[in-house]
Amino acid sequence: MTVPDRAIVPSADGPPEGGGQGGAKELVAARARLLDRAAGPHGLDPAALRGALADLAEVWLTTRGTAAGIGPDSGLALVAVGGLGRRELLPHSDFDLLLVHDDGLDPAHVTEVAESIWYPLWDAHIKLDHSVRTVPEAVRVAQSDLTAALGLLDARHIVGDAEITNLLISGVRKQWRTDIRTRVDDLVGQARERWRRSGEIAHRAEPDLKNGRGGMRDVQLLQALSLAQLTDGIPTPSGSPGGPNGNDLATAYGRLLDVRTELHRISGRARDQVRAQEADEIGAALRLGDRFDLARTISDSGRTVAYAVDVGIRTAQNALPRRGLSRLRRAPVRRPLAEGVVEHAGEVTLARDARPDRDLGLTVRVAAAAAASGLPMSASTLNRLAEVAPAPRSPWPAETVADFLALLGAGRSAVPVIEALDRTGLWGRLLPEWGAVRDLPPRDAVHTWTVDRHLVETAAHAASRATDVARPDLLALGALLHDLGKGRGGDHSVIGAELAEAIATRLGLDERDTGLLAAMVRHHLLLPAVATRRDLDDPATIEAVADKIDRDPVLLELLYALAEADSLATGPGVWGDWKSRLIGELVRRTGRVLAGEPAPHPEPVPDEVVALAAAGGTHVRITPAPALGPHTFTVVVVGPDRRGVLARMAAVLALAGLRVHSATVAGVEDSAVNTFVVVPTFGDPPDPAVVRQRLLAALDGADVLAELRERERAAAAPVDRSAAAPPLRVPAPPRLRWFDGAPGTVVLEVRAGDTPGLLARIAGALDDAGLDVRWARVATLGATVVDAFCLTVPADEPSLRARAEGAVIAVLPEAAPPAPPEGGQTQGFR
């Protein structure tokens, strides 16, 4: 015989006999005395207060239950779930209780015992979530109700027959492990819906510590996955720093729990959201400082939890056995992405022969591959890198700088990559200056993000303007560093410019680029300030701006793109039509008084290459370029100068697994002399003799361009679609610009997102259009290429430009569609 699951409510006639009123009121009085002791500088700390409240509740429940006949052989057990089950009882938490009974007990007796516990709590106005069930009933409820199952996973014995409690706990957990394969999707879906409603606690005006993304429920979600044996166990809050950032998951959870404890105590009610009027007092009670210090603690802890839950969900989903037809598929293969980096089972991980303790650029290479592929970095890879990978030596190798710029130029796909690096201590290893802005709350309510996240968001927005500027690499760096001087006292623009110079030196930038980067940071507020506060019709205003930027047109366009990206990353409505129109007009008027941008020009051909060309024939030389990095090589290709030779040369290199970072294309007498700076996708470069044979075959008519297109189609549509991502599409649209060249020539500049084989496709398109390339300069600047092609103009060819544009645009990669930014709203209490 069982007692139906029903809500037991007080009757109109009052509590049943034996319900008692004094006992629970004494509990309330004792709780009030504890809260009084917790107040003040010498009171109980939050952890001690929670422990004392839990002890107080358990003593009362044990005494009351024993008096009601809930004994060791009674067939009854009083079980705590929820916060009381976890011994995380806050000052105004509910009591979550379950009375479990044998099936053979008299229902009237069970009801009488239950009411003798519930009524005193109701009378004392203690919030109560309660139920009465047998063990089989409880297990069935857990099987059908996901929320109930999560609560029962925290079940803990209070008083009565311990064997019944053990049967309950073992039954619920066994059923949880058995059914987890069919429940993970619902569990994750429930979490995502909760995040949608409550937002990210790191970036909310009034963060929901319990339900927000990165909040306490996320840690309980991880614990549930751990109990299902899909992830590692979750440690209990230790209150002591740990992990690479001094803030591991247990410590982060403990800090959130402490903040929520003080929120209950100070507000006098059960609250989950930190409001502005309580923030300063909470910060003082926890000895953190003011509301800004509290916001920084919440942000750091919330982001640590959010990263952990991302990894936990991914780990759990990968650990599940495959179902249906997927069981018949072969095990995921390891697909090379870069030197020492592979994709495996939908994650970016280290190759088996990678040496993270010796390969100084591996961390950046892993991050760039993750951003380019859109795949997450595996937790084991990040942990391994955090343990042994050193920071690149100063100055960084050019190939490591190129990977870093490719990461920044990836747009929105770079945001989770940088967040993962930061949560595991790797980002600070690359940029030690980052610590001052990490989780730093903004002082202005218009800002949505913490300062560090604002910098990353600015870089993501700047990526969509990469093809608008001649130096997309400097735009990406300037966007990332423009507010790095905040949190140090003084003018953040001046301090940031000094930091930018130091970082540029560490990256190995030359004097000219270092000066440009520092000027971007120093003057990043110049255009918005002048455009919105000064008279643009006054010539003195325009001259003042021109003088401020040393009359440099490249710096002007960089500041223009940065102003837009900075505004878009600040918050909704900051970049509008009015501001855009004013800044655009200021830039146009200033640009008219500056010297025009010089046209691209060919690079001189080294004497030894001229001598090689003079000998005639076809030659391929591949030599290491240690000054640029351990995985960078220079390829010199000499062959007969005929139309289409550049496309064939570039296609042969692409088919050999060589990514072109830069190139110079020239002619010496009857020979085409092309010099490429390349990085193998993985491993060593091919034998020059093999490349020469492929090139000779291509010159004799082998369609290497068609072979390259077929390989690209196969890479974009892998057999196992669930384990691979399409190639990176940068957010900036491709742009073409024309310059007048020497007599009889014009120069076409192509700006577009970099993809494998792009140079071969562009050169092939120009060849198919019947256009002769006299010389070319190719540069990959981060995730963007800036390629210049000098074209011969026949005297009777007025439509050459239109024909060239049509041919080139057809082979350029499309821009990635804009993705909505993640997260939050203005952090009002900051």
Side-chain angles (χ1 to χ4, degrees), residues 336-339 372 398-399 402 406 603 605 609 612-613 617-625 628-629 631-667 671-715 727 750 752-767 773 775-780 785-789 811-813:
L337 298 176
E339 176 62 29
E399 66 183 43
E603 293 283 353
V605 181
V609 179
L612 187 65
T618 301
H619 307 274
V620 175
R621 289 185 177 179
I622 302 178
T623 56
L628 301 178
H631 308 290
T632 303
F633 298 83
T634 299
V635 180
V636 176
V637 184
V638 177
D641 190 4
R642 63 177 73 162
R643 203 176 73 192
V645 68
L646 172 60
R648 289 166 173 78
M649 288 181 178
V652 166
L653 295 182
L655 290 170
L658 301 175
R659 292 290 300 268
V660 176
H661 278 207
S662 64
T664 58
V665 176
S671 295
V673 180
N674 300 343
T675 302
F676 304 88
V677 176
V678 302
V679 174
T681 301
F682 63 95
D684 296 325
D687 188 318
V690 174
V691 177
R692 181 176 180 273
Q693 290 301 317
R694 291 296 307 269
L695 178 59
L696 290 173
L699 294 175
D700 286 342
D703 197 347
V704 289
L705 289 169
E707 185 180 349
L708 180 62
R709 286 192 294 270
E710 181 57 33
R711 178 177 293 188
E712 290 168 353
R713 278 194 295 268
V750 181
D754 187 25
T755 57
L758 179 61
L759 175 58
R761 293 201 303 274
I762 295 175
L766 293 173
D767 179 37
V773 177
W775 58 261
R777 284 179 58 188
V778 174
T780 303
V785 298
V786 180
D787 298 349
F789 301 89
V811 300
L812 292 180

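Only this structure's heavy atoms are used, side chains among them; waters, hydrogens and symmetry mates stay out.
For the atom pair CG of L655 and CZ of R694, the computed distance is 5.5 Å after rounding to the nearest 0.5 Å. Distance OG1/T618 to CG/L696: 5.0 Å, rounded to 0.5 Å. Note that CZ of R777 and CG of D787 are 10.5 Å apart. Values are rounded to the nearest 0.5 Å. Atom-to-atom distance recorded for T780:OG1 and L758:CG is 8.5 Å, nearest 0.5 angstrom. Annotation: the span from L766 atom CG to L646 atom CG amounts to 8.5 Å, rounded to 0.5 Å.
Across all their heavy atoms, P813 and G753 have their closest contact at CG-O, 3.3 Å.
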- Chi angles and distances behind the side-chain contact (heavy atoms from CB on, under 4.5 Å) call for W775, V665: CA-CA 5 Å; W775 58 261; V665 176; 5.5 Å; no
query: Stepwise, does the side-chain contact (heavy atoms from CB on, under 4.5 Å) test hold for V678 with H661?
result: CA-CA 6 Å; V678 302; H661 278 207; over 6 Å; no
- Message: Run the side-chain contact (heavy atoms from CB on, under 4.5 Å) test on S662 and V677 for me, step by step, so that the C-alpha distance in whole Å, both residues' side-chain angles and the decisive distance to 0.1 Å come before the verdict.
- Response: CA-CA 5 Å; S662 64; V677 176; 3.4 Å; yes
Quick one: do R761 and T755 satisfy side chain to side chain donor-acceptor pair (under 3.5 Å)? Show the steps, please.
CA-CA 10 Å; R761 293 201 303 274; T755 57; 2.6 Å; yes
Determine whether L759 and F676 satisfy the following criterion, side-chain contact (heavy atoms from CB on, under 4.5 Å), listing intermediate values before the conclusion.
CA-CA 11 Å; L759 175 58; F676 304 88; 3.9 Å; yes
How far apart are the C-alpha atoms of E399 and R659, what are their side-chain angles, what is the distance that settles it, and do they pass the salt bridge (Lys or Arg N to Asp or Glu O under 4.0 Å) test? CA-CA 11 Å; E399 66 183 43; R659 292 290 300 268; over 6 Å; no
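Put simply, the side chain of V645 reaches to within 4.5 Å of the side chain of L699, judged on heavy atoms. You'll find the side chain of V637 stays beyond 4.5 Å of the side chain of H619, heavy atoms only. Counting heavy atoms from C-beta outward, P686 and L658 have side chains that approach closer than 4.5 Å.
If you run salt bridge (Lys or Arg N to Asp or Glu O under 4.0 Å) between R648 and each of D767, D700, D703, only D767 comes through.
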